[in-house]
Amino acid sequence: MARHLITSALPYINGIKHLGNMVGSMLPADVYSRYLRQRGHDVLYICATDEHGTPAELAAKEQGLPVDEFCAQAHDAQKAVYDGFALAFDYFGRSSSPQNVEITQHFARKLKENGFIEERAIRQVYSPADGRFLPDRYVEGTCPHCGYDKARGDQCENCTRVLDPTDLIDPRSAISGSTDLEVRETKHLFLLQSKLQHEVEAWVAAHEEEWPHLSSSIARKWLNEGLHDRAITRDLDWGVPVPADTWPELAAEGKVFYVWFDAPIEYIGSTKEWSDQDPENRDWKSWWYDVDTDVRYTQFMAKDNVPFHTVMFPATELGIREPWKKVDYVKSFNWLTYYGGKFSTSQKRGVFTDQALDILPADYWRYFLIANAPESDDSSFTWEHFTATVNKDLADTLGNFVNRVLSFSRKRFGDEVPAGSAAGEAEAKLGEEIARLLAEYESQMESLQFRKAAAALRALWSAGNSYLEEKAPWLEIKTDQDGAALTLRTAMNLIHLYSVVSEPFIPASSAAMRTAFALPDDTATWVTADEAKALAFVPAGTPFTVPPVLFAKLTEDDLEAYKERFGGEPA
């Protein structure tokens, strides 16, 4: 079986993420990882918190904490939420790790050695009151385009126009609030992307036909506009330091690498963190170094991260002239909106991941988000849509099927799977349909089409209900007890099949379905076409229990309470 390296875009350290962040990278990566593991592949799923950059320093300052302490606490808080969502990372690291520092500095040295990094003098805002140069986000002021008075020096959050700090009206320091600002000359390191343009173009051309249109179109847009040399250092107290043995002057000034330079390298750094925990049994380089034909690397991210992963980081990897693994497939997503508008922490609009788990178990969210993943276009979260999906797909189609089959069988035949008649024409027809739908589900999962995969899974669940309605064991038992027993035994085998193939989407509910049957040798990780046709996983005489209700239906009162708490349509 193939080896699969999977990474999802690093969640930024500043605050708990909302549902859009979850469905845009980490959750689909987890679903795909789980599926591949079940199919027998060797999988390594790596992620980490992205801990450098100005927002981390500013957030730490607001909380009155040293930035390293703030990041450590925020990492643990985020990890707890991801555990709650049952994200099965092989390792969830930190971009502030010593391993990332080591590899980032190595990459920078190699880029300089190969002529792709140079020092340049630039003019930058300096704050005498703070005694430091201010990175773009440390300068705030009034946007000259829309008049928004809290615009940052890199972009106006209100009108989204890209800015330079010197564009701002009445600029002030985001640290001290001082308006006594100067423009002084300072030196920074620049990655000479312009010298790597043709190499990046050739690399993208070799992959873009396989990528989703969203990924390839964004990469091509950047390349068509031309790659520009980019400053990769900043004046911050927190970050990967510029190595003193290579750039002593800049190191003495406290320069650190730009977060977008070191963050993608953390995929490698986090793998080394994982490896260093058990070096006798884990080899991080076997996943990253000189492995192009051995490892298939898939990245998951929202569309705003695509340029950095399809252009900037590949340029870095190409420029170091070493055989580091480059991504094979970039699975990108559009935005999940909240009633068509942005999720907003400050305006208390939208659902954040910790709040979601306070309301309902993870499987409700996992299924809804993947079934409505913003793959081809932006998609909108509404409480009406969420409630309808939970009630129809989870509570009625799957949950009710499981409950009524097991409850009715226990009531009429006891606590063991009944025997009944041999399978007949209806069971043969059902087996063929289940095998066909399973093949469709597998095909969509293999091609990373998550909405279509969810639709195929839903169709598998629906097939069981159609069979049950056709056979009607509650009527059948009045005239043909053995026939009713066959129907229920067949339905129980469907439940077991559902427990296996639904696991990537709803792992906790799948475990509840599977453990309902006392099968001592139940080691199946997937279902073959022949097994789907036979539906003989759970033999007659197997003890079973009726699990608690898998999915509770949501009421109109629930809907109104959610909208009142989180807000409805944005203004």
Does [X] reach the main-chain N or O of [Y] with its side chain, forming a donor-acceptor pair under 3.5 Å?
| X | Y | result |
| --- | --- | --- |
| Gln99 | Ser270 | no |
| Arg94 | Glu51 | no |
| Ser127 | Ser173 | no |
| Ser216 | His213 | yes |
| Thr233 | Leu189 | yes |
| Ser217 | Leu214 | yes |
| Asp363 | Ser509 | yes |
| Ser25 | Met301 | no |
| Lys325 | Val295 | yes |
| Asp76 | Gln73 | no |

Which atom names give the shortest non-hydrogen contact between [X] and [Y], and what distance separates them?
| X | Y | result |
| --- | --- | --- |
| Leu192 | Asp229 | CA-OD1, 3.2 Å |
| Val327 | Gln299 | CG2-CG, 3.5 Å |
| Gly350 | Gln355 | O-OE1, 3.8 Å |
| Phe89 | Ser8 | CE2-OG, 4.4 Å |
| Thr54 | Tyr12 | N-OH, 4.4 Å |
| Trp238 | Ser96 | CZ2-CB, 3.7 Å |

Pair [X] + [Y], salt bridge at N-O below 4.0 Å:
| X | Y | answer |
| --- | --- | --- |
| Glu375 | Lys331 | yes |
| Arg109 | Asp245 | yes |
| Asp283 | Lys272 | no |
| Asp276 | Arg282 | no |
| Glu199 | Arg321 | yes |
| Glu322 | Lys285 | no |

How long is the span from the CG atom in Asn372 to the CG atom in Leu19, to the nearest 0.5 Å?
11.5 Å
Rounded to the nearest 0.5 Å, the CG atom of Leu27 sits from the CG atom of Asn21 at a distance of 12.0 Å
Any chance the rings of [X] and [Y] have centres within less than 6.0 Å?
| X | Y | value |
| --- | --- | --- |
| Phe566 | Trp383 | yes |
| His309 | Tyr267 | yes |
| Trp274 | Trp288 | no |
| Tyr258 | His188 | no |
| Phe368 | His385 | yes |
| Phe386 | Tyr562 | no |

Under 3.5 Å, is there a donor-acceptor pair linking the side chains of Ser97 and Glu273?
yes
Just checking, any donor-acceptor pair under 3.5 angstrom between side chains of Ser95 and Asn100?
no
Sequence-distant partners of Phe107, ring-ring contact (aromatic ring centres under 6.0 Å, His included), two or more places apart
Trp324
All ring-ring contact (aromatic ring centres under 6.0 Å, His included) counterparts of His228, not counting sequence neighbours
none
Please list all pairs meeting ring-ring contact (aromatic ring centres under 6.0 Å, His included) that have one or both residues in residues 128-171, counting only residues at least two apart or in different chains.
Tyr126-Phe133
Using the rule salt bridge (charged side-chain N to carboxylate O under 4.0 Å, His left out), only one of Lys255, Arg184, Lys187 pairs with Asp235; which is it?
Lys255
Among all residues two or more places apart in sequence or in another chain, which pass the side-chain contact (heavy atoms from CB on, under 4.5 Å) test with Ala231?
Phe190, Arg234
What's the verdict on side chain to side chain contact (heavy atoms under 4.5 Å, CB included) for Gln197 and Leu223, showing C-alpha distance, side-chain angles and the deciding distance?
CA-CA 7 Å; Gln197 167 100 23; Leu223 290 168; 4.1 Å; yes
Fit a plane to each ring of [X] and [Y], take the angle between them on a 0 to 90° scale, and name the class: parallel (under 30°), tilted (30 to 60°) or perpendicular (over 60°).
| X | Y | result |
| --- | --- | --- |
| Phe308 | Trp260 | parallel |
| Tyr32 | His4 | perpendicular |
| Phe300 | Phe333 | parallel |

Heavy-atom neighbours of [X] [atom1] exceed 12 at 6.0 Å:
| X | atom1 | value |
| --- | --- | --- |
| Gln277 | CD | yes |
| Lys326 | NZ | yes |
| Lys303 | NZ | yes |

Quick one: do Phe381 and Tyr339 satisfy ring-ring contact (aromatic ring centres under 6.0 Å, His included)? Show the steps, please.
CA-CA 6 Å; Phe381 177 92; Tyr339 285 88; 7.3 Å; no
Just do the side chain to side chain contact (heavy atoms under 4.5 Å, CB included) check on Phe70 and Asn14 with the steps written out, would you?
CA-CA 9 Å; Phe70 165 80; Asn14 188 12; 4.2 Å; yes
Tell me which donor-acceptor pairs under 3.5 Å the side chains of residues 58-65 have, and how far apart each pair is, sequence neighbours excluded?
{"unit_1": "Lys61", "atom_1": "NZ", "unit_2": "Ile175", "atom_2": "O", "d": "3.0"}

Apply side-chain hydrogen bond (donor to acceptor under 3.5 Å, both in side chains) to the pair Ser178 and Asp180, showing each step before the final yes or no.
CA-CA 5 Å; Ser178 173; Asp180 179 21; 5.2 Å; no
side-chain hydrogen bond (donor to acceptor under 3.5 Å, both in side chains) evaluation trace for Thr49 with Gln78:
CA-CA 8 Å; Thr49 39; Gln78 285 199 28; over 6 Å; no
I need the full list of salt bridge (charged side-chain N to carboxylate O under 4.0 Å, His left out) pairs touching residues 125-142, with sequence neighbours left out, sorted by first then second residue.
Glu57-Arg132, Arg132-Asp237, Arg137-Asp154, Glu140-Arg172
